[in-house]
Structure formats: C-alpha cells, structure tokens
Protein chains: 2
Amino acid sequence: MSIQRVDAATTTELIRPHGCPVMAFQAMISGKYKIRILWDLKDGPRRYSEIRAGLLSGATGTREIAPRVLSRELKALAEAGMIARKDYGLVPPKVEYRLTEAGKGFIPIIAVIRDWGERHLATRPPGG
Amino acid sequence: MSIQRVDAATTTELIRPHGCPVMAFQAMISGKYKIRILWDLKDGPRRYSEIRAGLLSGATGTREIAPRVLSRELKALAEAGMIARKDYGLVPPKVEYRLTEAGKGFIPIIAVIRDWGERHLATRPPGG
DNA sequence: CGGTATCCTAGTAGATACTG
DNA sequence: CAGTATCTACTAGGATACCG
C-alpha cells in the first residue's frame, strides 16, 4: 500500500470526539501552550506574533516555539470553540485571536486549577 | 556510544518538575487514565485488577488497557502524592490503592471540570 | 506577518510474553 | 495477582526552510 508516513501530525491532529466531558476537557487543553494561550488572551485580542512573544517571555524554558506548533494549537482551540480568529485581509497580514464566550468562561476554571495546584501540587521554582 | 533505545518511557517518565501550578496540574493529569483512576478511587480503595476492570467497563473504547500503562500511571499518581499504594505482602499479591488527602481534595475539581465541560464542550455520544 | 512544508527526536499507548 | 520486559505504532513538539 506504500503509506509513506505522511507526517501523521498534520493530518490527524484535529478530529477527536469524546463522549465524556472530562475527556473532552483533557483533549481541549492537551498541548503544551493551550492553557497559556487562553490565559494570555484574557486581557484582550492578540496577534499571532504577540502570542508567540508572550509564550517566550513567560517561558517554561526559554526555547523557541515552533510556528507549526503554535499554529496547530490555535487551530485546535478555534475548532474547540474557545477562541476566534479574525483575519483583517491585509498585506502584510494582520490576524487577531480573541476568546469566545466559552473561552472567557474558561478563565475562572484556570484560576481554580491554579489555586488548587498551588496548595496541593509540588511545584519547584525554576532552578530549584 | 551505542545508546540502544532503552525504552525511554521506563526511564524518564516520572520526573518532571514544573514551576507553574497550572503546568504541574497538566502534568499530573497527563495520561489517558489518570483522572478516571482518581474518580474511581473516590468511593474507596481498589485493587490493581479492580481499577483495571473499572477502566474497561466505563470504557472510552472497549480496548484492553496494557498493564504497563496502568502501572505507570499509578506510579505517577503516587509520585504526585494523589494516591497511596498499600502492599499487603501476601502471595498471591494483594495491593490496594486509595486517595490521599490531596487526592480527595481533587475530586471536587474534577466535578467542576465536568460541569463546565458539559456546558461548553462539544461532546458526542459514543457512536454519534 | 502569519503561517505551511519537511524532516527528525522523544515520549505515550498498545500487544504480548513472562515473573515473584 | 500485580506487576515487568520487550517490541511496535503513532503523535507531539522542535528545527529549519520557505511562501503569499
């Protein structure tokens, strides 16, 4: 059949229906930057490059984030209905991402998780 | 150097310190069954095989769960302080897992996530 | 600027066999 | 019973080059 390894990531990675809301949640946040993207957008719309810069500055490590990865996560979040993409149709391009109502409603959930995590999860300061 | 691919999963998979509580949370629940394991344990201690059976019956698909995977997730949850393992030292072996206080405190968080997910996430009934 | 196309590495889950 | 050992398939993430 010569299936040729089409870089599976690019083909499959978006479609994943889940019967359980908790599993759906887990799928929605799966990915290294999704929660941070949502959190960053809580203060208002941001452009692709601004999101990227924000992810670098608050960084987990201070590595580059591959454009491919950011692009994929933004698409998935849009697909999940958490964010909306607005293309201004300009050259050079200008595209903004902002939270949808569902996305805004998720922000308090992140806060709950953060508060609980601070209390119960062993976190180490970067370098500890 | 002949590094030989030592099955990285068996060596690395436990150690992962995170500075951010939300990232720590994400790491803690990462894995296909962790949340469901915690949820299953909310009603009391369970043995390895009982947990396994429970994961099969409520199943996402109705596949087998590899013992290797369950074992790894249980270890990770114990490492994260969410569950405790009790070995009765018998032959044939009897081992029970139960929620720690931190684990018990996580149950309401799951409920919050579930409620939010039901409202805002597109879930499809299995087969839809 | 906002991505896509390719290639690569490492980790995660499954199947199966086997052990104390 | 409660796992470990081994092998394989698939996927997420990173690096880099390039396009409209």
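Here is the naming used below: chain letters follow the sequence lines, and residue numbers restart at 1 for every chain. The shown structure was predicted, so the numbers you read here are calculated from the model rather than taken from an experiment.
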>> Just N and O in the side chain of A:Ser30: are any of them under 4.0 Å from OP1 or OP2 of D:dA12?
In response: no
> So what does B:Arg85 touch, heavy atoms closer than 4.0 Å: a base, only the sugar-phosphate, or nothing?
Replying inline: sugar-phosphate
> So how far is it from B:Ile83 CD1 to B:Thr100 OG1, rounded to the nearest 0.5 Å?
Replying inline: 8.5 Å
>> Rounded to whole Å, please give me the gap between CG in B:Leu74 and C1' in D:dC1.
In response: 14 Å
> How far does NZ of A:Lys42 sit from CD1 of A:Ile107, to the nearest 0.5 angstrom?
Replying inline: 7.0 Å
>> Quick check against the 3.5 Å criterion: does A:Gln26 have a side-chain atom that pairs as donor or acceptor with the backbone of B:Ile29?
In response: yes
>> Between B:Glu64 and B:Arg52, does any side-chain N to carboxylate O distance fall below 4.0 Å?
In response: yes
> Short question: side chain of A:Glu73, backbone of A:Tyr33 - any donor-acceptor pair under 3.5 Å?
Replying inline: yes
> Quick one: B:Met23 CE to D:dG13 C1', roughly how many Å, whole number?
Replying inline: 15 Å
> Atom CG of A:Leu56 and atom P of D:dG13: how far apart are they, to the nearest Å?
Replying inline: 15 Å
>> Looking at C:dT12, I'd like to know if its phosphate oxygens (OP1 or OP2) sit under 4.0 Å from a side-chain N or O belonging to B:Lys34.
In response: no
>> Quick check: on DNA chain D, is the nucleotide nearest A:Arg52 upstream (toward 5') of the one nearest B:Tyr48, or the reverse? Name the residue that is more 5'.
In response: B:Tyr48
> Can you check the A:Glu64 CD to C:dG2 C1' distance for me, whole Å?
Replying inline: 15 Å
> Under 4.0 angstrom, heavy atoms only, what part of the nucleic acid is A:Glu50 near: base, sugar-phosphate, or nothing?
Replying inline: nothing
> Side-chain N or O of A:Arg47 less than 4.0 angstrom from OP1 or OP2 on C:dC1?
Replying inline: no
>> Looking only at the side chain of B:Arg68 (C-beta and beyond, no hydrogens), which of the listed nucleotides D:dA2, C:dA15, C:dG3 gets closest?
In response: C:dA15
>> Taking 4.0 Å as the cut-off, does a side-chain nitrogen or oxygen of A:Lys75 come that near to OP1 or OP2 on C:dG3?
In response: no
Check the interface with nucleotides 17-20 of chain D: list each N/O to N/O pair with the protein under 3.5 Å, or write none.
none

> Once you build an axis from the first five pairs and another from the last five of the helix from C:dC1-D:dG20 to C:dG20-D:dC1, how far apart in angle are they, to 10 degrees?
Replying inline: 50°
> Rounded to the Å, how far apart are A:Leu55 CG and C:dG3 P?
Replying inline: 14 Å
>> Whole angstroms only, please: what is the CG-P distance between A:Leu70 and C:dG3?
In response: 8 Å
>> Once you apply a heavy-atom cut-off of 4.0 Å, does A:Tyr88 come out as touching a base, just sugar-phosphate, or nothing?
In response: nothing
> When you check the phosphate oxygens OP1 and OP2 of D:dG3, does a side-chain N or O of B:Ser71 lie under 4.0 Å from one of them?
Replying inline: no
>> What is the distance, to the nearest angstrom, from the CD1 atom on B:Ile65 to the P atom on D:dG3?
In response: 13 Å
>> Distance check needed: C:dG2 C1' versus A:Glu73 CD, whole Å only.
In response: 16 Å
> Do B:Leu55 and B:Arg36 have side-chain heavy atoms sitting under 4.5 Å apart?
Replying inline: yes
> Roughly how far apart are A:Ser30 OG and A:Ile35 CD1, rounded to 0.5 Å?
Replying inline: 10.0 Å
> Does A:Arg85 come within less than 4.0 Å of A:Asp87, counting only side-chain N to carboxylate O?
Replying inline: yes
> Are A:Lys104 and A:Glu101 within salt-bridge range, i.e. N to O under 4.0 Å?
Replying inline: yes
> Is the shortest side-chain N/O distance from B:Tyr33 to OP1 or OP2 of C:dT12 below 4.0 Å?
Replying inline: no
>> Do A:Arg47 and A:Tyr97 make a side-chain contact, defined as non-hydrogen atoms from C-beta onward lying under 4.5 Å apart?
In response: no
> Are B:Tyr97 and D:dG3 close enough that a side-chain N or O sits under 4.0 Å from OP1 or OP2?
Replying inline: yes
> Is any side-chain heavy atom of B:Lys86 closer than 4.5 Å to a side-chain heavy atom of B:Tyr88?
Replying inline: yes
> Do the side-chain N or O atoms of B:Ser49 get closer than 4.0 angstrom to the phosphate oxygens (OP1, OP2) of D:dA2?
Replying inline: yes
